[in-house]
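I have placed the structure first, in the form of structure tokens, so that the comments after it can refer back to it.
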Amino acid sequence: MTQVIWIIAAVLVTFTAGYVGYSRYLTQFVELDAEAKTPAHKYEDGQEYVPAKKPVLLGHHYSSIAGGAPIVGPITAGAVWGWMPALLWIAIGNPLMGAVHDFVSLSGSLRHEGKSIGYIIGEYVGKTGKNMLLWFAFITIILVVAVFALVVGIVFNAYPQVVTASFIYILLALVFGVYLYQFNGPFIPGTVLFVAGVFAAVWVGLQYPLALFAGDYPAETIVLLGGDGSWMPGAGALGGNTAAWIPVVLVYAAVASALPVWVLLQPRDYLSSFLLYSGVGGAIVAIIVGTFLGTSSQPLVIDETIGAFQGFWGVEAVFLPLFPLLFITIACGTISGFHSLVSSGTTAKQLDKETDARLIGYGGMLGEGLLAAVALSTLAVWGFADPAGGIGAALPNFASGGGVILTSLGIPETAGAVFMALVLCSFLLTSTDTAARLGRYMMEEIIGTPAGRTDTGLNLNVRSIARGRYTNPAIQIGLAYLLVVSGQWVTLWALFGGANQLLAALALLTATVWLANWDDNKQLVSTGVPMAIMVTITVLGLSWLVFYENLYANLIQGGAESTSAMISSGVQMILGLVLIGLALALVRLGYKNISRVRRGPETPAAEPGDD
């Protein structure tokens with residue numbers, strides 16, 4: 001039988017080659033300068049523009065971009081089409097497309113005062129293109145907040161031990177922020193002390209699990225409220241405890257996104273990054289140790305339920321074409337448009353030196369690819385009985401398979417599973433409130449806010465409320481909550497994936513337009529080819545969702561059995577068509593700009609002679 005270590009080995013080889021070779025070339029290509037003054041120093045305000053040490057910012061960036069999608073996506077794709085297609089897309093696509101996408105999004109933002117990709121493309125194709133992209137990004141952000149809050153609720157319900165540990169490390173982060181920025185405490189001793197506290201929180205969580213409503217939990221679980229929570233909105237589909245955690249997570253995201261970055265975002269993401277590095281790195285080391293020393297509780301080989309290739313249409317009873325849906329399903333493990341918003345939204349405002357973009361932008365995306373490889377490995381070890389089960393089936397697989405893998409290091413399987421669930425939850429919490437902060441940035445640029453200034457939104461002016469630091473997150477979480485409790489979150493997952501990948505294509509388009517306008521001699525292959533590939537994949541994927549899944553299967557064939565399901569299918573069709581039209585319109589604007597710039601000024605026609 002095939003050993004799981006080959007999944008990790010393939011990814012490590014291609015990722016190392018990409019970082020050592022290709023990222024060095026890209027750094028020189030966009031002319032990053034360690035001595036240049038970054039937006040974080042130009043507009044330092046103690047609120048949004050705050051220079052951060054490279055390891056701190058890497059922790060924030062990695063924690064923010066790595067959410068639930070690079071775990072759910074590879075597991076689902078590997079179960080449906082086989083582990084080999086999923087591995088190839090992660091190992092090859094990440095260093096050539098995803099890491100390039102993140103790097104050029106960050107570098108382009110540095111050259112445009114820390115502004116978002118929407119602002120950048122607007123500089124070259126006009127205000128219409130800018131607003132189209134920003135509105136698209138804002139809508140995508142709401143989908144991200146909704147889906148991630150849902151997944152956190154699912155994890156909190158499945159592993160109540162994670163609740164206690166998560167609360168403790170958030171508290172530790174608040175104290176660490178005060179320690180660093182208010183008391184100027186020494187960095188390295190503080191890191192050692194507070195990181196130790198984060199791992200101690202894991203032990204406390206194992207001893208004192210926490211739930212809001214009663215359920216099937218470990219005997220020592222502390223239940224805070226009486227009853228089963230069946231009265232909570234969405235409890236019928238999600239369960240009372242899960243439905244109750246979702247608004248808690250959303251409120252947390254809104255509050256965290258409104259705080260200055262030094263209070264919670266930077267210190268929390270830095271501390272949690274050690275937890276995340278330990279989860280990803282520990283799983284990789286455990287696979288190597290378990291393979292060569294045989295110390296795992298079971299052989300680390302690919303389970304017989306997971307084939308190398310399950311066919312173009314997937315496993316039996318799952319009628320899904322490998323092209324283009326595999327690429328959209330894996331999503332963030334290889335390339336993600338959400339990362340362009342993080343890179344050009346928060347990270348660019350905190351970059352201390354331009355040259356830090358190589359490690360943080362390109363290297364951070366490779367780190368997410370390693371997470372995807374670990375997720376695929378947990379699938380390979382544990383197996384997957386329900387490929388069509390989506391989020392609910394994929395998340396327990398990651399924790400259970402991870403628990404088996406970590407036994408190679410002498411960690412009990414139960415404790416290992418809880419630890420991996422905490423790793424997942426750490427990714428999700430950081431991504432959720434970062435997304436809410438990014439949504440505010442998008443609206444600030446749509447309405448207009450001078451660089452270095454923010455608006456509280458408390459003066460009852462409509463424009464101020466829409467972009468306000470306190471009011472905009474409230475609007476976002478309200479809309480996100482309605483999406484989750486409507487019961488249609490399952491059908492919205494595919495739309496979220498398509499929107500996310502489409503945003504990646506538009507970010508690459510933005511980078512290509514920027515490079516074309518910067519210098520006539522700049523090659524456009526590095527960004528233009530991935531952009532063309534992603535536009536093709538996304539348009540075809542959304543077309544399948546619109547015309548086959550919704551129009552044919554749900555409406556014509558009667559797959560949508562209720563009125564609400566039919567309405568949902570109709571709404572998804574409209575949104576899908578809007579996204580396709582938006583993408584093609586922006587590509588057209590970008591193509592016209594590039595063609596005009598590369599042609600140069602037209603030569604005037606010669607005056608007619610006198611003869």
Does a side-chain heavy-atom distance below 4.5 Å link [X] with [Y]?
X: Asp356; Y: Leu57; value: no
X: Ile405; Y: Thr378; value: yes
X: Phe398; Y: Val72; value: no
X: Trp231; Y: Phe213; value: yes
X: Ile302; Y: Trp83; value: yes
X: Leu87; Y: Trp6; value: no
X: Leu172; Y: Val198; value: yes

- prompt: Should Ser23 and Phe103 be marked as a side chain to side chain contact (heavy atoms under 4.5 Å, CB included) after you check the CA-CA gap, both sets of side-chain angles, and the distance that decides it?
  reply: CA-CA 8 Å; Ser23 72; Phe103 176 80; over 6 Å; no
message: Show, in sequence, the C-alpha distance, side-chain angles and deciding distance for Trp313 and Leu320, and conclude whether the side chain to side chain contact (heavy atoms under 4.5 Å, CB included) test is met.
response: CA-CA 5 Å; Trp313 296 102; Leu320 296 171; 5.9 Å; no
- prompt: What's the verdict on side chain to side chain donor-acceptor pair (under 3.5 Å) for Tyr362 and Asp102, showing C-alpha distance, side-chain angles and the deciding distance?
  reply: CA-CA 6 Å; Tyr362 196 97; Asp102 288 24; over 6 Å; no
message: Among Val381, Thr76, Ile75, Ile71, exactly one meets side chain to side chain contact (heavy atoms under 4.5 Å, CB included) together with Asn397. Which residue is that?
response: Ile75
query: Step by step, would you call Leu379 with Ile306 a side chain to side chain contact (heavy atoms under 4.5 Å, CB included)?
result: CA-CA 8 Å; Leu379 164 73; Ile306 309 299; 3.6 Å; yes
Grab the two heavy atoms, one from [X] and one from [Y], that are nearest each other, plus how far apart they are.
X: Leu206; Y: Val418; value: CD2-CG1, 3.6 Å
X: Gly78; Y: Leu376; value: CA-CD1, 4.2 Å
X: Val404; Y: Ser296; value: O-CB, 4.3 Å

Verify the neighbour count for atom [atom1] of [X]: are there more than 12 heavy atoms of other residues, nucleotides or ligands below 6.0 Å?
X: Tyr208; atom1: OH; value: no
X: Leu293; atom1: CG; value: yes
X: Glu304; atom1: CD; value: no

Check: [X]/[Y] side-chain N/O donor and acceptor closer than 3.5 Å:
X: Thr432; Y: Tyr252; value: no
X: His61; Y: Gln350; value: no
X: Thr334; Y: Asn94; value: no

- request: Tell me, with the steps shown, if Leu322 and Phe309 meet side chain to side chain contact (heavy atoms under 4.5 Å, CB included).
  value: CA-CA 10 Å; Leu322 181 147; Phe309 178 57; 3.7 Å; yes
When the ring planes of [X] and [Y] are compared, do they come out parallel, tilted or perpendicular, using 30° and 60° as the limits?
X: Phe327; Y: Trp89; result: perpendicular
X: Tyr179; Y: Phe176; result: parallel
X: Phe199; Y: Phe419; result: parallel

Option passing ring pair (Phe, Tyr, Trp, His ring centres under 6.0 Å) with Tyr270 (candidates Tyr62, Phe194, Phe187):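 Single ring pair (Phe, Tyr, Trp, His ring centres under 6.0 Å) partner of Tyr270 among Tyr62, Phe194, Phe187: Phe187.
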message: Go through it in stages, so that I can follow the logic: the residues are Ser257 and Asp433, the test is side chain to side chain donor-acceptor pair (under 3.5 Å), and I'd like the CA-CA distance, side-chain angles, deciding distance and then a yes or no.
response: CA-CA 5 Å; Ser257 69; Asp433 69 73; over 6 Å; no
